[in-house]
Each structure stands twice: as C-alpha cells, then as structure tokens.
Amino acid sequence: MAHIVATGAGKVMMDRRDDPTHDYILNLTGKSRPRVLFVGTATGDRPDYILSFYQTYDSDRCAPHHLPLFSRERDDLRSWITEFDVIHVGGGNTANMYDVWRRQGVWDIFTDMFNDPANENLVFTGGSAGGICWFDGGTTDSYGPILQVLPEGLGFVPGSFSPHYDAEGQRRPLVHRALLDGELGAGWACGNLDSLHFNGSEFVTAISPAATPLALTLTVENGVVVETDLPVVTL
C-alpha cells in the first residue's frame with residue numbers, strides 16, 4: 001500500500017529547510033530523485049507557500065512541481081498527477097480545500113491512487129490540513145478562529161487526526177469533547193514537529209526531530225478519553 005506521513009504543522013515544517021523529516025519522506029519512495037507534487041489548495045495556492053516548497057524540496061534532492069487549481073493550467077489532471085512519487089499537501093483551510101478537490105476531480109484521483117496496489121512506494125504527506133485530509137476527520141479553524149469539528153476526510157486511515165496538539169490551547173479540549181460525543185472516532189494526535197507514518201492504513205511509527213516529541217493515540221474507555229504515548233523515532 002501507499003505510505004502516509006501526517007505531520008502536526010504545515011508551513012512551519014515546510015520552512016524548516018534542513019529538517020530530516022523531509023528526507024525521511026523522500027526516502028520512502030526508494031528513488032534517488034523522486035517526483036514531488038505540492039498541493040497548496042488550502043491556502044488558495046498562496047505564492048509564498050509555493051516558494052517555500054521549492055526552497056525546501058529543491059531540484060538537488062527531488063524533481064519538484066506544484067498543482068495550481070485556482071488558475072488551472074492543465075485539462076487532464078489525472079494522467080499528470082498519477083506520475084508523481086510524493087503528493088505533499090499544504091496546510092490552511094481544510095474545508096475549502098475539500099470543496100475545491102471535489103469540484104476539480106482531485107479527490108477521486110487521490111482515492112484511486114491510494115487504492116492502486118501498484119503504488120506501494122507512493123507517499124501522501126503534509127501537515128495540519130495536509131495531515132487531517134488522509135483520515136476520517138479532525139478539528140479545524142476553517143470556519144474562523146474558534147476551532148470546530150470537521151468529521152470528513154479521504155479516509156485512507158480510519159479514525160481522526162489532531163495536529164498542533166502541543167501548540168493550540170483550543171485543540172485538546174475540543175478533541176476530547178468530540179471523541180466523547182462520538183463526532184470523531186478514536187485516532188491520533190501529534191505536535192507541530194512530529195509526524196505519524198502509516199503503510200496503507202496500518203501505523204508504522206512516529207518520527208520527530210524535536211527534543212520533546214508528542215505523539216499519541218486517543219481512545220475512549222469507560223466514558224473517559226485516554227491518551228497513550230507512542231514510541232517516537234528521533235530523526
């Protein structure tokens with residue numbers, strides 16, 4: 001199955017040019033110069049985010065490209081997108097991103113790529129919105145500064161994903177309430193610089209460059225949310 005690497009932060013991680021997480025992602029492809037596609041839909045294809053991508057995923061380490069959907073340049077997206085080894089989704093407005101992906105056909109393309117057994121070295125990755133999207137749901141600031149539950153996603157990994165768990169005070173209490181109410185299913189949480197690696201829907205490991213990483217499973221037992229630390233591989 002394809003790999004998924006879900007990270008806590010989006011642009012914060014992208015701006016860390018030499019973070020070993022980037023090399024970890026590229027190495028999963030098994031290629032010396034993988035083709036990497038940046039999808040910046042969640043920020044409306046914001047130029048500074050795209051520039052940051054090209055500065056981090058530069059031509060010395062991979063073959064970088066980006067997918068503009070607000071000024072679309074290609075008629076046939078499917079034949080082009082399916083040529084890439086890494087799909088890297090940026091952070092931003094998760095709900096708006098979903099709407100654009102559905103309208104432009106990207107949602108179905110990603111789903112078909114994930115379900116294709118030939119794509120065993122394909123990597124889907126990203127932080128914040130780019131991490132939530134691979135799961136059944138999560139929490140979001142898509143509707144304003146007060147966080148809300150977003151119980152939808154591509155569902156490649158069953159359950160919920162909660163990014164920014166060490167960086168936003170609203171996040172943890174909202175996630176706990178949503179788990180107890182059944183709005184979100186049991187799942188995972190991690191800090192800004194921490195990532196969770198899955199092979200298909202199966203958890204492989206947590207990775208982080210941080211001195212004090214945060215990676216958790218979140219479950220409900222006897223009406224109480226239980227946070228269980230995951231072992232983390234320090235990069």
Side-chain angles (χ1 to χ4, degrees), residues 1-10 13-14 16 19-42 53 56-57 61-67 78 80-91 94 97 101 106-138 153-163 187-209 213 215-217 230-235:
M1 297 293 291
H3 298 276
I4 295 168
V5 180
T7 302
M13 177 60 80
M14 187 67 79
R16 292 168 59 89
D19 195 298
T21 304
H22 304 304
D23 289 327
Y24 183 95
I25 290 165
L26 295 175
N27 289 338
L28 289 175
T29 68
K31 296 186 177 181
S32 58
R33 195 166 183 265
R35 288 171 54 84
V36 182
L37 181 64
F38 178 66
V39 185
T41 316
F53 163 72
T56 297
Y57 286 82
R61 72 199 314 182
C62 65
H65 299 266
H66 73 282
L67 173 64
R78 179 175 290 272
W80 185 63
I81 292 174
T82 53
E83 294 178 351
F84 285 91
D85 305 298
V86 177
I87 304 296
H88 200 305
V89 176
T94 315
M97 177 178 75
W101 283 1
V106 173
W107 187 280
D108 290 338
I109 294 171
F110 286 171
T111 299
D112 291 344
M113 290 173 71
F114 178 78
N115 289 326
D116 185 345
N119 288 332
E120 60 182 10
N121 291 324
L122 172 66
V123 183
F124 292 101
T125 188
S128 193
I132 295 169
C133 62
W134 316 120
F135 296 77
D136 287 332
L154 287 159
F156 297 168
V157 180
S160 59
F161 177 64
S162 301
W188 293 265
C190 67
N192 270 357
L193 301 182
D194 313 308
S195 302
L196 305 179
H197 174 199
F198 298 81
N199 187 359
S201 61
E202 297 297 319
F203 176 73
V204 176
T205 189
I207 59 171
S208 180
L216 308 166
T217 59
L230 289 166
V232 179
V233 175
T234 302
L235 301 180

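All of these numbers come straight from a predicted model, not from anything done at the bench. All values below were derived from every heavy atom in this structure, side-chain atoms included, with hydrogens, water molecules and symmetry-related copies excluded.
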Taking only residues two or more places apart in sequence or in another chain, which ones pass side-chain hydrogen bond (donor to acceptor under 3.5 Å, both in side chains) with [X]?
{"X": "Trp101", "value": "Thr41"}
{"X": "Thr7", "value": "Ser195"}
{"X": "Thr94", "value": "none"}
{"X": "Thr56", "value": "Arg17"}

Minimal heavy-atom distance between Gly8 and Cys190, with the atoms involved, is N-SG, 3.6 Å
What are the two closest non-hydrogen atoms of Met14 and Phe53, and how far apart are they? SD-CA, 3.7 Å
Excluding sequence neighbours, so at least two apart, what forms salt bridge (Lys or Arg N to Asp or Glu O under 4.0 Å) with [X]?
{"X": "Asp116", "value": "none"}
{"X": "Asp23", "value": "Arg61"}
{"X": "Asp19", "value": "Arg16"}

Ignoring hydrogens and geometry, is there a side-chain-to-backbone donor-acceptor pair from Asp194 to Pro213 under 3.5 Å?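 No, Asp194 side chain to Pro213 backbone: no donor-acceptor pair under 3.5 Å.
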For a quick test of your reading: what N or O donor-acceptor pairs under 3.5 Å do the side chains of residues 120-129 make, sequence neighbours left out?
unit_1	atom_1	unit_2	atom_2	d
Thr125	OG1	Val5	O	2.7
Ser128	OG	His164	NE2	2.8

What pairs of donor and acceptor atoms, side-chain ones from residues 197-206 against any protein atom, are under 3.5 angstrom apart with sequence neighbours left out?
unit_1	atom_1	unit_2	atom_2	d
His197	ND1	Tyr24	OH	2.8
His197	NE2	His3	ND1	2.9

About how many Å separate [atom2] of [Y] and [atom1] of [X], when rounded to the nearest 0.5 Å?
{"X": "His88", "Y": "Met13", "atom1": "NE2", "atom2": "CE", "result": "8.5 Å"}
{"X": "His65", "Y": "Ile81", "atom1": "NE2", "atom2": "CD1", "result": "12.5 Å"}
{"X": "Glu83", "Y": "Met113", "atom1": "CD", "atom2": "CE", "result": "10.0 Å"}
{"X": "Asp85", "Y": "Asn119", "atom1": "CG", "atom2": "CG", "result": "9.5 Å"}
{"X": "Ile4", "Y": "Phe135", "atom1": "CD1", "atom2": "CZ", "result": "6.5 Å"}

Using side-chain heavy atoms (C-beta onward) and a distance below 4.5 Å, is Thr21 in contact with Leu193?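 Result no, sub-4.5 Å side-chain heavy-atom pair not found.
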Side-chain donor/acceptor pairs under 3.5 Å, residues 154-161, sequence neighbours excluded:
unit_1	atom_1	unit_2	atom_2	d
Ser160	OG	Gly185	O	2.6

Which atom pairs, donor and acceptor, lie under 3.5 Å between side-chain atoms of residues 32-40 and protein residues at least two apart or in another chain?
unit_1	atom_1	unit_2	atom_2	d
Arg33	NE	Ser59	O	3.2
Arg33	NH2	Ser59	O	3.3
Arg33	NH2	Cys62	O	3.4

Would Phe84 and Leu67 satisfy side-chain contact (heavy atoms from CB on, under 4.5 Å), going step by step from the backbone distance to the final call? CA-CA 11 Å; Phe84 285 91; Leu67 173 64; over 6 Å; no
